[in-house]
Protein chains: 2
Amino acid sequence: MGSFRLEDARAANRAAPLSKARRKADAAADYLQNSMACKAEIGSSIRNAAKGTVIYCQDDPASVRYEVVSGVICTSYLFADGRRQVTGFCFKGEVFGTDHGFYKSSAEVVSETAQIRRIRWGDSADDERALNNALELVENSILLIGRRTALSRIAAFLVDLRSRTGNAHWIPLPMSRADIADYLGLTVETVSRTFSQLIRKRLIAQPKHHLVRIIDQDRLNALAGMGSDTNPPITSEP
Amino acid sequence: MGSFRLEDARAANRAAPLSKARRKADAAADYLQNSMACKAEIGSSIRNAAKGTVIYCQDDPASVRYEVVSGVICTSYLFADGRRQVTGFCFKGEVFGTDHGFYKSSAEVVSETAQIRRIRWGDSADDERALNNALELVENSILLIGRRTALSRIAAFLVDLRSRTGNAHWIPLPMSRADIADYLGLTVETVSRTFSQLIRKRLIAQPKHHLVRIIDQDRLNALAGMGSDTNPPITSEP
DNA sequence: CGACGCCTTGACCCCAGTCAAGTGTGGTGG
DNA sequence: CCACCACACTTGACTGGGGTCAAGGCGTCG
């Protein structure tokens, strides 16, 4: 079940990033079936998956959640009119697919390759941690998406990614511009233009399309509207 | 602790809807302290609170969560630069304040009056239900906020509120235009204009500022980009 | 090599932000 | 009882940011 809507939306959606993913998913279906015991994790099943692999589809029955071992996962929601809202990106150690009953969004691998661990519900301590993790991620997303200007959104997006990937200056951006656009509520063109703008202003560098180096963290923070933690930009009246 | 940021932001924020709330909160502080045993709920403490009452502040230590018994609660996050992002509205039966460690947002009563129930963490079945409830609400918010046009956002906002309040046609809108604007990432003027537009087009009626009647649910759904559930707007190619 | 996807850049225009003024409405004090 | 004010909301005029349409670069695959 659950897939017919995806097909409909694919037909209607001009960009249709999931269509390719869907085809790849079909091809790699059985590949997904057998879990790869890569590094002999303790009793849990870890899967290898290539870019474009769909982990689960919107409206599929939800039985397990997943943890990202390596790579990046993108979860997205397809509207009936074909528009797409990317609900989040998941990096190493983060959890996705925490829905109850049916998955409300689809999950897709956006990095070249990814390892994900299936986790069953039942251990209440673990379950609660997972839910809290998911909640935190989504709440963070709201603070990103609610911003006014494209510049502020992109800046906040980069700042968020930097803190989550734990990288000092280099940020991997395996997702496509369309993914970022659908996440931040912008268009591909605006995303591209804004990146170019940040590069021109020497706030970031971009040796490859999918790799960003943060040059001026402070000014990026300022654009993101977070201020420098050590030097709050607000002076209260006497 | 936690309140100094609020004060700072108050000084900087032109609209500063929390400033009034803050003053009211001070005045009604002791009122809040003693829980009112209104209808003798089973062993849980229910409080009455008037409009503007702040339940908790951003960065306050988080020990309990809350359930709305009656009225409407608004949770919002204040940025260092004074901007405000409303993270959600909570109606009867919904849960807020599910943060761990410290509250990441402030919670305020926006209806004329509200009853809220304090709930301690510990009952894992209950805890998990609460977390799932919160997660669902926040994920829904993302689908609202990510929309492109103001018309689409307002329409989706109304459709969402209608389904959550369980009301057939009449929707209570106790929150201010500023709250709605800060929720959807718009300005008060745009919110006001959009409501007027919907009224002119006879999609809704608005006998009072804080009450909306949905006249044409189908067209509202269409604007919201959800289509009519019985008649999907997408035709798949053969 | 050409076809295709993805990304970038440019030109144009419209939606929504900004500034400013006007309209209730409730509260306070004379 | 009315004058006055404070506040929330509405409406208008103007402008700029970003959506839209279109063209062009660039790497990958067949």
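Every chain is numbered from 1 and lettered A, B, ... according to where its sequence line falls, protein lines coming before strand lines.
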Item to check | Whole-Å gap separating P (C:dC6) and CD (A:E112) | outcome: 12 Å

Checklist entry - Going through the checks in order, is the side-chain contact (heavy atoms from CB on, under 4.5 Å) test met by B:L137 and B:F96? => result CA-CA 10 Å; B:L137 284 183; B:F96 64 98; over 6 Å; no

Next on the checklist: Return a single string for nucleotides 23-30 of chain D, one symbol per nucleotide in 5' to 3' order, where B is base contact, S is sugar-phosphate-only contact and - is none, cutoff 4.0 angstrom on heavy atoms.
Outcome noted: --------

Item to check | A:S196 vs C:dT9: side-chain N/O to OP1/OP2 distance below 4.0 Å | outcome: yes

Checklist entry - salt bridge (Lys or Arg N to Asp or Glu O under 4.0 Å) with B:R219: which residues, sequence neighbours excluded? => result B:D216

Checklist outcome for this item: Rounded to 10°, the helix from C:dC1-D:dG30 to C:dG30-D:dC1 deviates from straight, judged by its five-pair end axes, by 30°

Checklist entry - Under the salt bridge (Lys or Arg N to Asp or Glu O under 4.0 Å) test, which residues partner A:E136, sequence neighbours left out? => result none

Item to check | d(CZ, A:R200; C1', C:dG10) in whole Å | outcome: 12 Å

Checklist outcome for this item: Whichever of A:M175 and B:G185 has the more 5' nearest nucleotide on DNA chain C, that residue is A:M175

Item to check | Check against side-chain contact (heavy atoms from CB on, under 4.5 Å), B:V68 and B:F91 | outcome: CA-CA 6 Å; B:V68 180; B:F91 294 87; 5.8 Å; no

Checklist entry - B:L198 CG to D:dT11 C1': how many Å, rounded? => result 16 Å

Checklist entry - Roughly how many Å is it from NZ in B:K208 to P in C:dG24, rounded to a whole number? => result 17 Å

Checklist entry - Which whole-number value in Å describes the distance from A:L184 CG to D:dG18 C1'? => result 14 Å

For nucleotides 13-16 of chain C, give me every protein contact, N/O to N/O, under 3.5 Å, one pair per line with atom names.
| from | atom 1 | to | atom 2 | distance (Å) |
| --- | --- | --- | --- | --- |
| C:dA16 | OP1 | B:A150 | N | 2.4 |

Checklist entry - If you check the B:R193 side chain, which of D:dT20, C:dC7, C:dG17 turns out closest? => result C:dG17

Next on the checklist: Could you tell me if B:R164 sits above the aromatic ring of B:F89, with its cationic atom closer than 6.0 Å to the ring centre and no more than 45 degrees from the axis?
Outcome noted: no

Next on the checklist: Applying salt bridge (charged side-chain N to carboxylate O under 4.0 Å, His left out) to A:D160 and A:R153, what does each step give before you reach the verdict?
Outcome noted: CA-CA 10 Å; A:D160 180 52; A:R153 292 188 200 188; over 6 Å; no

Next on the checklist: Between the base of C:dC19 and the side chain of B:E189, is there a donor and acceptor pair under 3.5 angstrom?
Outcome noted: yes

Next on the checklist: Nearest to the side chain of B:Q206, heavy atoms from C-beta on, is which of D:dA22, D:dT11, D:dT10?
Outcome noted: D:dT10

Next on the checklist: Using whole Å, what does the distance between atom C1' of nucleotide D:dG19 and atom CG of A:D182 come to?
Outcome noted: 14 Å

Checklist entry - Hey, does the side chain of B:Q85 reach the backbone of B:D182 with a donor-acceptor pair shorter than 3.5 angstrom? => result yes

Checklist outcome for this item: Taken in chain and number order and not counting sequence neighbours, the residues that satisfy ring-ring contact (aromatic ring centres under 6.0 Å, His included) with B:Y103 are B:Y56

Checklist entry - Heavy-atom distance under 4.5 Å between the side chains of B:V191 and B:F195, does that happen here? => result yes

Checklist entry - Does B:H210 put a side-chain nitrogen or oxygen below 4.0 Å from OP1 or OP2 of D:dA8? => result no

Checklist entry - Only one of B:I199, B:I171, B:L198 forms a side chain to side chain contact (heavy atoms under 4.5 Å, CB included) with B:Q206, so which one is it? => result B:I199

Item to check | Verdict with supporting geometry, A:V159 and A:N221, side-chain contact (heavy atoms from CB on, under 4.5 Å) | outcome: CA-CA 7 Å; A:V159 169; A:N221 280 338; 3.5 Å; yes

Checklist entry - To the nearest Å, how far apart are B:R177 CZ and C:dG17 P? => result 16 Å

Item to check | Donor on one side chain, acceptor on other, B:T187 and B:T190, under 3.5 Å | outcome: yes

